[in-house]
2 protein chains.
Amino acid sequence: MSMSLIPAREATLGSCTPLAREPITTEQAEGVTRLLKALADPVRLRLMSMILSYEGGEACAMCDLTEGFDLSQSTLSHHLKVLHDAGLVDRDKRGVWVYYKARPEAMGAVRTVFSSGLAEPQD
Amino acid sequence: MSMSLIPAREATLGSCTPLAREPITTEQAEGVTRLLKALADPVRLRLMSMILSYEGGEACAMCDLTEGFDLSQSTLSHHLKVLHDAGLVDRDKRGVWVYYKARPEAMGAVRTVFSSGLAEPQD
DNA sequence: CAATGACATCGACATGGGTACATGTTGACA
DNA sequence: TGTCAACATGTACCCATGTCGATGTCATTG
């Protein structure tokens, strides 16, 4: 079965529905909010954008993701942890370097919430 | 000219680009973050969803948007103000009632950021 | 004009979140 | 084994934010 493809973390991402069709439930709102809170920061949004722009949606933390930020190493590490805890990125340690990789399921869940219905309200 | 259709608030929504194509700029990130911060709350996400679900993407504050929330009137009013300040909804007072209406441009900007590229990382 | 109802605003409180410094952990290498 | 480099973690600080009660504003109605 294909269940094993998606880790348990997927549970919080499961029920994603476009906002505009019918009011989302409290549970759905809380699930999506976890993702949105993680993305609702300029630094993390840029980090996510940088990760996604790299080949394979993957980037090395200190190699690729430091440039352009005037922040300490611990702060960057903290932000990456927030993205990881939200299920937006996977972590892969190879030797000394740590690679962060975007999780398409998570970003897909966000995209689903804001899909079609949103720009054209119901009538 | 059609400029007048969109208020000055549009300025912060202007430059919206998919996250995955190339890294977004700091300015873009800060602009989008304003919208995301406003949406990254369970109550406000439900409010936005309820507003969008109503006919014409418009809903009366105390008539339509109170049901299902265990929050004080001032708290609901506060959340609606946050959505309004972010440019996500317009306010329209008709007599005693206040109607909140979704702004398609704002939701479209959010949707653009999370559009196509996001679920399928670059390769 | 007085009263009521539908909001917005203000002040206060508790909690959460971004940042940095210091320190811990782990793998590569001499 | 000792050192260094690439991280993560813990602690502390400060500011932002969610919540509520009280009050203010304004339109309707009697």
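This one's a predicted model, so the numbers in the text were calculated from it and none came from an experiment. Here is the naming used below: chain letters follow the sequence lines, and residue numbers restart at 1 for every chain.
Counted by atom type alone, B:Arg111 and A:Ser115 present zero donor-acceptor pairs between their side chains at under 3.5 Å. Looking at A:Ser74 and A:Ser77, their side chains never bring a donor and an acceptor atom within 3.5 Å of each other.
Between atom CG of residue A:Leu83 and atom CG of residue A:Leu35 there is a gap of 10.5 Å, rounded to the nearest 0.5 Å. Here the CZ-CG distance, from B:Arg34 to B:Leu39, works out to 14.5 Å after rounding to the nearest 0.5 Å. Atom OH of A:Tyr100 sits about 10.0 Å away from atom NZ of A:Lys93, to the nearest 0.5 Å. The distance from atom CG of B:Leu19 to atom CD of B:Gln28, rounded to the nearest 0.5 Å, is 9.5 Å. Here the straight-line distance linking atom CG of B:Asp90 with atom NE2 of B:His84 works out to 6.0 Å at 0.5 Å rounding.
Atom pair B:Leu80:CG and C:dT9:P shows a separation of 12 Å (rounding to whole Å applied). The separation between B:Leu65 atom CG and C:dA6 atom P is 14 Å, rounded to whole Å. Rounding to whole angstrom units, NZ of residue B:Lys81 and C1' of C:dC7 are separated by 13 Å. Rounded to whole angstrom, the span from the CG atom of A:Leu83 across to the P atom of C:dG17 amounts to 14 Å. The separation between B:Leu36 atom CG and C:dG17 atom P is 16 Å, rounded to whole Å.
Residues B:Leu76 and B:Leu47 meet the side-chain proximity criterion, which asks for heavy atoms closer than 4.5 Å.
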Please assess B:Arg94 against B:Glu58 for the test salt bridge (Lys or Arg N to Asp or Glu O under 4.0 Å), listing each intermediate value before the final yes or no.
CA-CA 13 Å; B:Arg94 303 180 201 157; B:Glu58 185 181 61; 2.6 Å; yes
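In summary, contact between chain B and DNA chain D, defined as any nucleotide atom under 4.0 Å from a heavy atom of the protein, begins and ends at D:dG18 to D:dT28 in the 5' to 3' direction.
The side chain of B:Arg91 contributes an N or O atom lying less than 4.0 Å from OP1 or OP2 of C:dA8. Contact check, B:Tyr100 against C:dA8: a side-chain N or O comes under 4.0 Å of OP1 or OP2.
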Please write out each protein N/O paired with an N/O of nucleotides 18-22 of chain C under 3.5 Å, distance rounded to 0.1 Å.
{"unit_1": "C:dG18", "atom_1": "OP1", "unit_2": "A:Arg44", "atom_2": "NH1", "d": "3.3"}
{"unit_1": "C:dG18", "atom_1": "OP1", "unit_2": "A:Arg44", "atom_2": "NH2", "d": "2.7"}
{"unit_1": "C:dG18", "atom_1": "OP2", "unit_2": "A:Arg44", "atom_2": "NH1", "d": "3.3"}
{"unit_1": "C:dT19", "atom_1": "OP2", "unit_2": "A:His79", "atom_2": "NE2", "d": "2.4"}
{"unit_1": "C:dA20", "atom_1": "OP2", "unit_2": "A:Ser72", "atom_2": "N", "d": "2.9"}
{"unit_1": "C:dA20", "atom_1": "OP2", "unit_2": "A:Ser72", "atom_2": "OG", "d": "3.2"}
{"unit_1": "C:dA20", "atom_1": "OP2", "unit_2": "A:Thr75", "atom_2": "OG1", "d": "2.9"}
{"unit_1": "C:dC21", "atom_1": "N4", "unit_2": "A:Ser74", "atom_2": "OG", "d": "2.7"}

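Checking B:Leu76 against A:Val96, the closest nucleotide of DNA chain C that is more toward the 5' end is the one next to B:Leu76.
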